[in-house]
Asker: 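The structure that follows is given in the form of structure tokens.
Just so it is clear: chains get the letters A, B, ... in the order the sequence lines come, proteins before strands, and each one is counted from 1. Just so it is clear, the values below take in all heavy atoms, side chains as well, and ignore hydrogens, waters and symmetry mates.
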Number of protein chains: 2
Amino acid sequence: MTAMAPSRAEPDLSFLLDHTSHVLRTQMAAALAEIGLTARMHCVLVHAIEEERTQIQLAEIGDMDKTTMVVTVDALEKAGLAERRPSSTDRRARIIAVTEKGREVAEHSQRIVDGVHRKALDALPEDEREVLLRAMNRLVEGHLSTPMETPRPARRARQ
Amino acid sequence: MTAMAPSRAEPDLSFLLDHTSHVLRTQMAAALAEIGLTARMHCVLVHAIEEERTQIQLAEIGDMDKTTMVVTVDALEKAGLAERRPSSTDRRARIIAVTEKGREVAEHSQRIVDGVHRKALDALPEDEREVLLRAMNRLVEGHLSTPMETPRPARRARQ
DNA sequence: TATTGTTATACTCTATAACTATA
DNA sequence: TATAGTTATAGAGTATAACAATA
């Protein structure tokens, strides 16, 4: 599953980040699954509510491929939480419109997400909690802002 | 790639952990790739040096499946960094013996790993760094210690 | 020519199932 | 019967390629 274990004296930041993010992700997935959502569906729903956005825009926000967005929106439509509507300004593009039910579900799922985060943070003393968030934000905006490119191994054509 | 984006007032711990662990992982992969190692190969190498260990024991330490361990050990053997030796006490088991070259490479890769971690931590003020590590360790040992079970969807037999 | 969304599918990763040898 | 290691492969996830419609 996750690689890399602790055991040395040196602080193993990889292990700490991999482990915590993985466990939190399983907690989040389990919590959202109870109302039939994936983390991605929740993410798209929330950002589609904020303002009129196309699939591409939502894909960018959620850092997904546009093809992944297609299946995510398919799932949202199937669940009756969102609909594709033609953009009034670009006939190629589709606006993701959240339904009334989608709005309700998103409110619920946002409470679930916040609750999962809250429970994790509440496990820390207040001073640590604050500093942890500040430090993580600093890393996200600085040294750990951009993924390093992995040389993708060219793919052969379709047929 | 990674889902879930920031944007709300609530601290989005999922985003912070996912993003930082992902970026750090790409940095680590790139750094280790320069000497032909994956993070998993490094992990196995290091723990195989510490003491005589079987594949299963190493798999447990690195939190991998035994079948994943097979391919990792294959790679290490192919690179001349380790060898499978029959255990003297259990004829089913194989001890992973690290070669002299493997020892040298492991020393090098450990420096690389520590360097990648060091650079990330050095991007933080000292007080934040310390608290971050303390808080992460607290989470790993407490609220975020154990992944939540995902109901695996039974798999059909082979053939 | 470039871009949005779509379908089809190649590829990677991981883990289950089944097997062999041994305990 | 249970376990260590192996092989084969199912299945999930993801992203590339190609395409149609439109810009």
Asker: Looking at residues at least two apart in the chain, or sitting in another chain, which of them share a side chain to side chain donor-acceptor pair (under 3.5 Å) with B:Thr72?
Answerer: none
Asker: Report the distance from atom CG of A:Asp18 to atom P of C:dT14, rounded to the nearest whole Å.
Answerer: 12 Å
Asker: If I take atom CE in residue B:Met64 and atom C1' in nucleotide D:dG5, what distance separates them, rounded to the nearest angstrom?
Answerer: 15 Å
Asker: B:Val131: which other cluster members, linking ILVMFWY side chains closer than 4.5 Å, directly or transitively?
Answerer: A:Val131
Asker: How bent is the helix from C:dT1-D:dA23 to C:dA23-D:dT1, comparing axes over its five end pairs at each side, to the nearest 10°?
Answerer: 10°
Asker: Quick check: do A:Val105 and A:His42 have side-chain heavy atoms less than 4.5 Å from each other?
Answerer: no
Asker: State plainly whether the residues B:Asp122 and B:Arg118 are in salt-bridge range, i.e. N to O under 4.0 Å.
Answerer: yes
Asker: Test: side-chain hydrogen bond (donor to acceptor under 3.5 Å, both in side chains). Region: residues 136-147 of chain B. Which pairs qualify, not counting sequence neighbours?
Answerer: A:Glu128-B:Arg138
Asker: Among Ile, Leu, Val, Met, Phe, Trp and Tyr joined by side-chain contacts under 4.5 Å, find the other residues sharing a cluster with A:Met148 and list them by chain and number.
Answerer: none
Asker: Taking atom types as they are modelled, would you say the side chain of A:Arg91 forms a donor-acceptor pair with the base of D:dT22 within the 3.5 Å cutoff?
Answerer: no
Asker: Mark yes or no for a side-chain to base donor-acceptor pair under 3.5 Å between B:Arg155 and C:dT14, with no hydrogen or angle criteria applied.
Answerer: no
Asker: Given atom CG of A:Asp65 and atom P of C:dT9, what is their separation to the nearest angstrom?
Answerer: 17 Å
Asker: Using whole Å, what does the distance between atom P of nucleotide D:dA12 and atom CZ of A:Arg40 come to?
Answerer: 15 Å
Asker: Between atom CZ in B:Arg85 and atom P in D:dG5, what is the gap in whole Å?
Answerer: 15 Å
Asker: Taking the side chain as C-beta and beyond, is there a heavy-atom pair between A:His22 and A:His19 under 4.5 Å?
Answerer: no
Asker: Give me the distances for all protein-to-nucleotides 2-6 of chain C N/O pairs that come in under 3.5 Å?
Answerer:
{"unit_1": "C:dT3", "atom_1": "O4'", "unit_2": "A:Arg92", "atom_2": "NH1", "d": "3.3"}
{"unit_1": "C:dT3", "atom_1": "O2", "unit_2": "A:Arg92", "atom_2": "NH1", "d": "2.5"}
{"unit_1": "C:dG5", "atom_1": "OP1", "unit_2": "A:Gln55", "atom_2": "N", "d": "3.3"}
{"unit_1": "C:dG5", "atom_1": "OP1", "unit_2": "A:Arg94", "atom_2": "N", "d": "2.8"}
{"unit_1": "C:dG5", "atom_1": "OP1", "unit_2": "A:Arg94", "atom_2": "O", "d": "3.2"}
{"unit_1": "C:dG5", "atom_1": "OP2", "unit_2": "A:Ile56", "atom_2": "N", "d": "2.8"}
{"unit_1": "C:dG5", "atom_1": "N7", "unit_2": "A:Lys66", "atom_2": "NZ", "d": "3.2"}
{"unit_1": "C:dG5", "atom_1": "O6", "unit_2": "A:Lys66", "atom_2": "NZ", "d": "3.3"}
{"unit_1": "C:dT6", "atom_1": "OP1", "unit_2": "A:Arg84", "atom_2": "NE", "d": "2.9"}
{"unit_1": "C:dT6", "atom_1": "OP2", "unit_2": "A:Gln55", "atom_2": "OE1", "d": "2.8"}
{"unit_1": "C:dT6", "atom_1": "OP2", "unit_2": "A:Gln55", "atom_2": "NE2", "d": "2.8"}
{"unit_1": "C:dT6", "atom_1": "OP2", "unit_2": "A:Arg84", "atom_2": "NE", "d": "3.4"}
{"unit_1": "C:dT6", "atom_1": "OP2", "unit_2": "A:Arg84", "atom_2": "NH2", "d": "3.2"}

Asker: Using whole Å, report how far CE of B:Met69 lies from P of C:dA15.
Answerer: 12 Å
Asker: Among D:dA18, C:dA15, D:dG11, which is the nearest nucleotide to the side chain of B:Arg156?
Answerer: D:dG11
Asker: Can you find a pair of side-chain heavy atoms, one from B:Arg103 and one from B:Glu107, that are under 4.5 Å apart?
Answerer: no
Asker: Step through the shown structure and confirm whether more than 12 heavy atoms of other residues, nucleotides or ligands are within 6.0 Å of CD on A:Glu77.
Answerer: yes
